[in-house]
Amino acid sequence: MSISATLVKELREKTSAGMMDCKKALEATAGDFEAAVEWLRVKGLSSAAKKADRVAAEGTVFAQTSGDTAVILEINSETDFVARNEGFKGLVLDVAHHMLNAVNAAGDILEQAFHKNPTKKVGDMLKEAIATIGENLVIRRFEKYVATANTVVHTYIHGEGKIGVMIEVAASKPEATNNPALKTFAQDVALHIAAMNPMAISSAEIPADVVAKEKEILTAKNLESGKKPEMVEKIVEGQIRKFLAENCLVDQPFVKNPDLKISDLAKEVGKQVGADVSVKRFARFELGAGIEKKSNDFAAEVAAQMKGH
């Protein structure tokens, strides 16, 4: 079949593989884009396994904490300069404040009565902003955490709205939530999450189908590279252990001090506050992207920033 140059170019942008390799991948998969991404992974030709999840979008990621409540949201625009527009910034703040103050911020946010003016829906406010700014705007995603007696919530924004993290940290004793060391821990782990993009807190939380798919790809990749079939299962077992360690928060080396895992850091802080400390949950939003692993260069950039805190 004939493969268009446009499709080849798009695949190259998504995977960073060579132009001819992208053409071969599309030919081998009869033009199936997702199958071509996987083909490149199996061949070891894709330099960014998850880039195909990227969504082309501009705008901003915004996060805010007020008392025991935290919110994170992503609002998209058509062009990047709109994110610097005062009208756009006002919309972002209005939506964030609505989420912080709304009794129930779940469900279809566009149909909710705007907390500042209940005669309007959030969707009406969005339409007004679109008419004023002159670009299509989308409230893409949002989440809200409310702390309990045993937890603290914290938010962090990196890169002027490129990445946002919201985290809830738990302590076994309520009095530990007032300890500054616990709040510092929440900040440090939020910065770590921004840099290292873990899939889950622990391996038990990574979906079985994700692990199964990774095994399938690694098996095919090892066979493709000439490994003996009778050895592949054992090799893949080791690679899966490495995959889980790299993608689970508690097993990742702390970006500020790689000699410590995040689980080790939690134990150290636990001793300081006199309670067991753990990460209860987190949300990480990256502007215009789905779940995506960042490069070591990015990790180094955030690590450098952390040293200044």
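Position 1 is the first residue of the sequence; numbering continues from there.
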What is the minimum heavy-atom distance between V255 and H192, and which atoms define it?
N-ND1, 3.1 Å

Are E168 and T151 linked by a side-chain donor-acceptor pair shorter than 3.5 Å?
yes

Can you confirm whether the side chains of H158 and Y156 place a donor and an acceptor under 3.5 Å from each other?
yes

Any L73 side-chain heavy atom under 4.5 Å of R141 side chain:
no

Identify the heavy atoms of A83 and F88 that sit nearest to each other, and give their distance.
CA-CD2, 3.6 Å

In Å and rounded to the nearest 0.5 Å, what is the CG to CD distance from L26 to E10?
9.5 Å

Within the 4.5 Å heavy-atom criterion, are K24 and W39 side-chain neighbours or not?
yes

NZ (K89) with more than 12 external heavy atoms under 6.0 Å
yes

If the test is side chain to side chain contact (heavy atoms under 4.5 Å, CB included), which one of D276, V273, V277 qualifies with S172?
D276

Using a 3.5 Å distance criterion without hydrogens, assess whether the side chain of S278 forms a donor-acceptor pair with backbone atoms of K280.
no

Nearest 0.5 Å, what's the OG1-CG distance between T29 and L40?
8.5 Å

Greater than 12 external heavy atoms within 6.0 Å of E160's CD
no

Looking only at non-hydrogen atoms, find the nearest pair between A181 and V269 and report the distance.
O-CG1, 3.8 Å

Taking the side chain as everything from C-beta on, heavy atoms only, tell me whether R140 gets closer than 4.5 Å to I75.
no

Test of understanding: clusters of I, L, V, M, F, W, Y form through side-chain heavy atoms closer than 4.5 Å, transitively. Do V146 and V169 belong to the same one?
no

Check E74 against G288 and note the closest heavy-atom contact, atom names and distance.
OE2-N, 2.9 Å

Are I235 and L223 joined in one hydrophobic group, where the rule is that I, L, V, M, F, W and Y side chains link up if heavy atoms are under 4.5 Å apart?
no

Hey, does the side chain of N76 reach the backbone of G59 with a donor-acceptor pair shorter than 3.5 angstrom?
no

N247 (side chain) donor-acceptor with M199 (main chain) under 3.5 angstrom:
no

Nearest heavy atoms of V71 and A96, plus distance in Å
CG2-O, 4.0 Å

Distance col, row M166:CE vs K144:NZ, nearest 0.5 angstrom, shows 10.5 Å

For side chain to side chain donor-acceptor pair (under 3.5 Å), just list the numbers for N222 and Q239, CA-CA rounded to whole Å, side-chain angles, deciding distance to a tenth of an Å, and then say yes or no.
CA-CA 10 Å; N222 279 289; Q239 290 174 331; 2.9 Å; yes

Heavy-atom distance under 4.5 Å between the side chains of K183 and H154, does that happen here?
no

V42 vs L218 side-chain heavy atoms within contact, under 4.5 Å:
no

Do NZ/NE/NH1/NH2 and the carboxylate oxygens of E224 and K221 come within less than 4.0 Å?
no

If only side-chain N and O atoms count, and only distance matters, is there a donor-acceptor pair under 3.5 Å linking N117 with T119?
yes

Would you say that T65 contacts V153 through its side chain, given a criterion of any heavy-atom pair below 4.5 Å between the two side chains?
yes

Is the backbone of K261 close enough, under 3.5 Å, to the side chain of D264 for a donor and an acceptor to pair up by distance?
yes

Using the rule that two of Ile, Leu, Val, Met, Phe, Trp, Tyr join whenever any of their side-chain heavy atoms come within less than 4.5 Å, decide whether F285 and V138 are in one cluster.
no

Quick one: does Q252's side chain have a donor or acceptor within less than 3.5 Å of a partner on E246's backbone?
yes

In terms of heavy-atom contacts, does CD of E233 have more than 12 from other residues, nucleotides or ligands at under 6.0 Å?
no

Taking 4.0 angstrom as the limit, do E268 and K271 come out as a salt bridge?
no

Test item: D124 side-chain N/O and K120 main-chain N/O as donor-acceptor pair under 3.5 Å
no

Where is the tightest heavy-atom contact between A63 and I157, given as atom of each residue plus distance?
N-CD1, 3.6 Å

How long is the straight-line distance from CD of Q112 back to NE2 of H98, given to the nearest 0.5 Å?
4.0 Å

When you look at I201 and V250, which way does the side-chain contact (heavy atoms from CB on, under 4.5 Å) test go after all the steps?
CA-CA 6 Å; I201 294 173; V250 295; 3.9 Å; yes

Assess whether side-chain contact (heavy atoms from CB on, under 4.5 Å) is satisfied between L244 and V211, documenting all intermediate values.
CA-CA 8 Å; L244 292 173; V211 177; 4.1 Å; yes

Is it the case that the side chain of S4 and the backbone of L7 share a donor-acceptor pair, with hydrogens and angles ignored and the cut-off at 3.5 Å?
yes

For the hydrophobic clusters of this structure (ILVMFWY residues joined by side-chain heavy atoms under 4.5 Å, transitively), does one cluster hold both F33 and V8?
yes

Quick one: do V37 and I3 end up in the same hydrophobic cluster if we chain Ile, Leu, Val, Met, Phe, Trp and Tyr together by side-chain heavy atoms under 4.5 Å apart?
yes

Quick one: do F243 and V210 satisfy side-chain contact (heavy atoms from CB on, under 4.5 Å)? Show the steps, please.
CA-CA 11 Å; F243 168 78; V210 171; 4.3 Å; yes

With heavy-atom distances below 4.5 Å as the criterion, would you say the side chains of I109 and V95 are in contact?
yes

For residues T155 and I72, determine if any side-chain heavy atom of one lies less than 4.5 Å from a side-chain heavy atom of the other.
no

Among N136, L137, I130, which one satisfies side chain to side chain contact (heavy atoms under 4.5 Å, CB included) with I133?
L137

Less than 4.0 angstrom from a charged side-chain N to a carboxylate O is my criterion; do E286 and R284 meet it?
yes

Pair N179-Q272, side-chain contact (heavy atoms from CB on, under 4.5 Å): steps then yes or no:
CA-CA 9 Å; N179 193 306; Q272 293 177 46; 5.8 Å; no

Under a 4.0 Å threshold between the charged nitrogen and the carboxylate oxygen, would K213 count as salt-bridged to E38?
yes

With rounding to the nearest 0.5 angstrom, report the CD to CD1 distance, Q187 to I167.
10.0 Å

Separation of F282 CZ from Y145 OH (nearest 0.5 Å)
8.0 Å

